[in-house]
Every structure is written in structure tokens, then in C-alpha cells.
Amino acid sequence: MMHTLSTSELLHVWERGVNQSSIQRALLLLMAAVPHLPLDKLAQLSIGQRDACLLTLREWTFGSQLACLVHCPCCGDRLELSLNVSDIRLLSEITLDVETFSLTVGDYDVCYRLPNSLDVASLTHPTDLTTASDQLLHRCLLTAHHQGEVVPIEQIPAAIVDTVVTHMAETDSQADIQLALSCPVCQHHWQSVFDIVSFFWSEINTWAYRQLREVHVLASAYGWREADILAMTPWRRQLYLNMIGQ
Ligand SMILES: [Zn+2]
């Protein structure tokens, strides 16, 4: 259902996303890559499904190797690691219908759906994890019954809520990719979150500046139009850049 983005399409996404949030950037990328689906459908993909799509798009755009740079939280040493998209892409099939999941914990029967872009965008305090998790839960818990009787979400015991939250996280494990890292210098072990949206966007940003610089150099030298320069294969463009000593 997705297609690869051309140079000009990706530049267009970058330009529109420069001043946007991470949620918006992810949606801009998906809108460009899956143009036949309306925005509300894309926004309803669970965060894990969204991230699986973005991993595939990243693979098509810049290849399957992900070069990450992390700093050891203990000694500060720089760690370079190379991941393959296939190591961290857990989902291969994307479902476009909003799925609901049922779970029985003790005497409680709970029905929920997975958090999506609209839920995350609605958070009033996205950096406050307790509040954010409460707000997500309120949006995503659909019904709760205790021994057959309807129970308001607020009245579900904390222990039951914790189990539901754990279950949700396991169901959408693609949404929270944790890398187990260890420092070769000080032997410290820790977990680091891999966020495909910020990783991919940072690469797109670097790539876009290079595109614009090359357009500038070639347009200055030959007077060609931006669209014509962007439409060239990278190989042919590089040959011209070599000829003018860039
Ligand atoms: Zn270290």
C-alpha cells in the first residue's frame, strides 16, 4: 500500500514538517507514502503500526542499515552501533481497521484499543509519563465489566489497570523498541529507546540540506531549474558536481 518517495516528494514533506511536532512529521511522511488513504485512517494506525510503516519507508529511502550514535550514561563514551531494519521491525502486516482487544483479569472483563496518533496528539502533558499514561488509558479503555456489571473506568482497581497497561504494551510492542546496550569502556549495561520518527527525521533533515546545497551549486554553475536538478539520478548529479570541482 506504500510507495517510495521521490526526491521532490521527500523535500516537500521535510519543508512542511520543519516546524511540526514528531506526531505531525510521522503523519506527513505517511500521507506522502500512502496517498490513497485519508488522513483520519492513517492517524488511527496504532503507534506500533505507524512505526513499522516508517521503518519500511526508511529502508526504501536510505537503506536497511541504521547507524546509531549513543553516549554511555555512565562514562559518556561514544558508542556507534549499526542496526538492521529487520532487527527491530516486529510487524509485517498492517491492519487498517481499528482493532479492539478483550482481556479478563480476575473478575474484570476489559475491552481496549491501542493508542494511535490522535491519542498521542491529544495529550496535554506528553512529558509527564504518569499523566500521559492516565490520559491514554482513558481514551483507549473502551468498556469494563466486573462480574457482568458495567464499571466506570475510574473505578477499576489499580492492579487491574496495571495488567491492562502491560497487556497493551505487549500487544503494540513495535511502539516501544528498547535496545539493550553495553559500554565497551566501563561495562555499564542499559536500555535505550529507539524512536524511528526522530531518527528518520534527523536523517531527512541532513539529506535535505545536502539536496539544497547541490541545487544551489549546480543552478549557480549551469543556470538549471531546481526541478530538473532534483529529477536527476544522484549518480548523474554527482558527475556534474565533480566536473565543477565540488
Ligand atoms: Zn561507559
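Indexing begins at 1, ligand by ligand and atom by atom, following the structure's order.
The Zn ion (ligand 1) has an N, O or S atom of Cys186 inside 2.8 Å of it. For the Zn ion (ligand 1), the set of nearby N, O or S atoms under 2.8 Å includes none belonging to His188.
Listed by chain and residue number, Asp40, Lys41 satisfy the side-chain contact (heavy atoms from CB on, under 4.5 Å) test with Pro38 (two or more places apart in sequence, or in another chain).
Inspection of the Gln147 and Asp107 side chains reveals an N or O donor paired with an N or O acceptor under 3.5 Å.
A distance-only check finds no donor-acceptor pair linking the side chain of Gln20 to the backbone of Arg25 [under 3.5 Å].
Between the SG atom of Cys72 and the SG atom of Cys183, the angle centred on the Zn ion (ligand 1) amounts to 110° when rounded to 10°.
Within the model, atoms OG of Ser192 and CG of Leu181 stand 5.5 Å from one another, a figure rounded to the nearest 0.5 Å.
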